[in-house]
Structures are given as structure tokens and as C-alpha cells.
Amino acid sequence: MTAHWLVKSEPGCFSIDDLAASEHGATCWSGVRNYQARNFMRQMQQGDTVLFYHSVTNPAVVGLARVVREAYPDHTAFDPADQHYDPKSSPEKPLWDMVDIQWLETFPRPLPLPLLRQVRGLEEMELLKKGSRLSVMPVSAAAFQRIMELAHQA
DNA sequence: GCCAACGTTGGC
DNA sequence: GCCAACGTTGGC
């Protein structure tokens with residue numbers, strides 16, 4: 001059974017265009033330094049679909065990707081020069097994981113956060129909950145369906 | 001730019 | 001184990 005997820009990224013840092021422009025449209029989703037988000041990534045399976053969300057600037061769900069490699073150690077945590085360096089993680093005892101995701105599509109029209117807040121049936125989405133700061137979260141099959149419909153409405 | 005909400009750290 | 005202080009996220 002395919003599961004559905006949502007990942008957040010600041011477009012100024014890494015946008016869906018950056019993903020699409022990556023080699024094979026794929027990238028490692030590194031830099032996650034939150035246990036809850038990490039644990040969700042560990043549950044991701046190859047082929048799971050991933051909604052791509054732009055945070056901060058024009059917050060919106062902007063496209064779709066899929067998991068092409070399941071969780072493995074995030075090597076950026078080992079590099080003292082990396083922005084996401086974490087001395088508590090080492091190649092011998094990795095603390096943080098990442099997955100690889102691949103671009104599938106950029107929606108013909110992005111779905112802005114204020115719009116999503118108005119959609120009946122999405123009220124329970126983690127994304128829409130007050131104070132939600134999770135950067136990786138599960139999405140129910142129903143919510144996923146609804147969002148895909150909205151994204152492709154004429 | 002402001003600030004609310006949240007997670008983490010560290011003193012005790 | 002508690003909790004205050006701090007840093008970060010992210011909407012507005």
C-alpha cells in the first residue's frame with residue numbers, strides 16, 4: 001500500500017524547480033534535524049508519493065515527487081563545514097537519516113495555504129494545524145486525493 | 001519585521 | 001525530572 005507524505009522546503013533554499021532541474025530529477029532530502037520528521041522519513045517506502053510544499057514565501061503545495069530510495073544515513077551531519085552539521089552524529093553511529101525523492105510533476109497551479117484552509121475535508125491535515133512546524137509529515141489517502149483533484153482542476 | 005509556537009539545552 | 005532560557009520555524 002502506497003503511503004503519502006508532505007515535505008516542506010523554503011523555495012529560496014531548495015524549490016521544486018531546483019528538484020526538477022536536478023540530475024534525473026532526484027535529490028537526497030538531507031538536513032532534517034527533527035526526530036519526529038526523521039522517524040516519518042524512516043517509514044517512507046520506495047514509490048510513496050510526496051507532496052512538495054513551499055514554506056515562508058507564498059506558502060503553497062506546488063507539486064509532486066516520489067520516494068526513490070528509502071532512509072539511509074545523512075552524511076551532511078558528519079561534515080563540520082555543513083550548515084546542518086551535528087557532532088552527535090558520526091558514520092559509526094549515524095543519528096540522522098535522509099531519503100531520495102524524485103520529481104514527478106509541478107502542479108499547473110499551486111495550492112496556496114489560505115486556499116487549503118478553506119477546503120472542506122482537509123481540516124485534519126497536519127500541515128493546517130496551528131503551530132505545526134514539522135518539515136516531514138504523513139498525508140491521509142483522502143487528503144492526498146483531494147489535493148490532487150484541486151491541483152488539476154481547470 | 002514581528003511574534004507565536006515549538007523543540008532543545010542545560011542548570012539545579 | 002523539572003523548567004527557564006534560548007534558538008528556530010514559518011505564518012502573517
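The structure presented is a predicted model; accordingly, all values stated were derived computationally and were not measured. Throughout, a chain's letter reflects where its sequence line sits, starting with A, and its residues are numbered from 1.
- In terms of position on DNA chain C, the residue among A:Ser55 and A:Arg133 whose nearest nucleotide sits closer to the 5' end is A:Arg133.
- Across the protein-nucleic acid pair, A:Tyr53 atom OH and C:dG11 atom C1' stand 8 Å apart, rounded to whole Å.
- Computed from coordinates, the A:Lys8 NZ to B:dC6 P distance equals 11 Å when rounded to whole Å.
- Under the 30°/60° scheme for interplanar angles, the aromatic rings of A:Trp5 and A:Phe40 are found to be tilted.
- Nearest to the side-chain atoms of A:Arg117 among the listed nucleotides C:dG10, C:dC12, B:dC6 stands C:dC12.
- Between the side chains of A:Thr76 and A:His84, no donor-acceptor pair is found at a separation under 3.5 Å.
- The existence of a salt bridge linking A:Asp74 and A:Arg33 is confirmed by a sub-4.0 Å separation between a basic side-chain nitrogen and an acidic carboxylate oxygen.
- To the nearest angstrom, P of C:dC12 lies 15 Å from CD of A:Glu10.
- C:dT9 atom C1' lies 14 Å from atom CD of A:Glu126, rounded to whole Å.
- Rounded to whole Å, the distance from CG on A:Leu113 to C1' on C:dC12 is 10 Å.
- Interatomic distance, A:Arg38 CZ to A:Asn34 CG, rounded to the nearest 0.5 Å: 9.5 Å.
- Whole-Å rounding puts the A:Tyr35 OH to B:dT8 C1' distance at 9 Å.
- A straight line from CG of A:Asn34 to C1' of C:dG10 spans 14 Å, rounded to a whole angstrom.
- Relative to the side chain of A:Gln36, the nucleotides C:dG10, B:dA5, B:dG7 differ in distance, and B:dG7 lies closest.
- When the P atom of C:dC12 is taken as reference, atom NE2 of A:His54 falls 17 Å away, rounded to whole Å.
- Within 4.0 Å of A:Lys88, counting heavy atoms only, lie sugar-phosphate atoms of the nucleic acid but no base atom.
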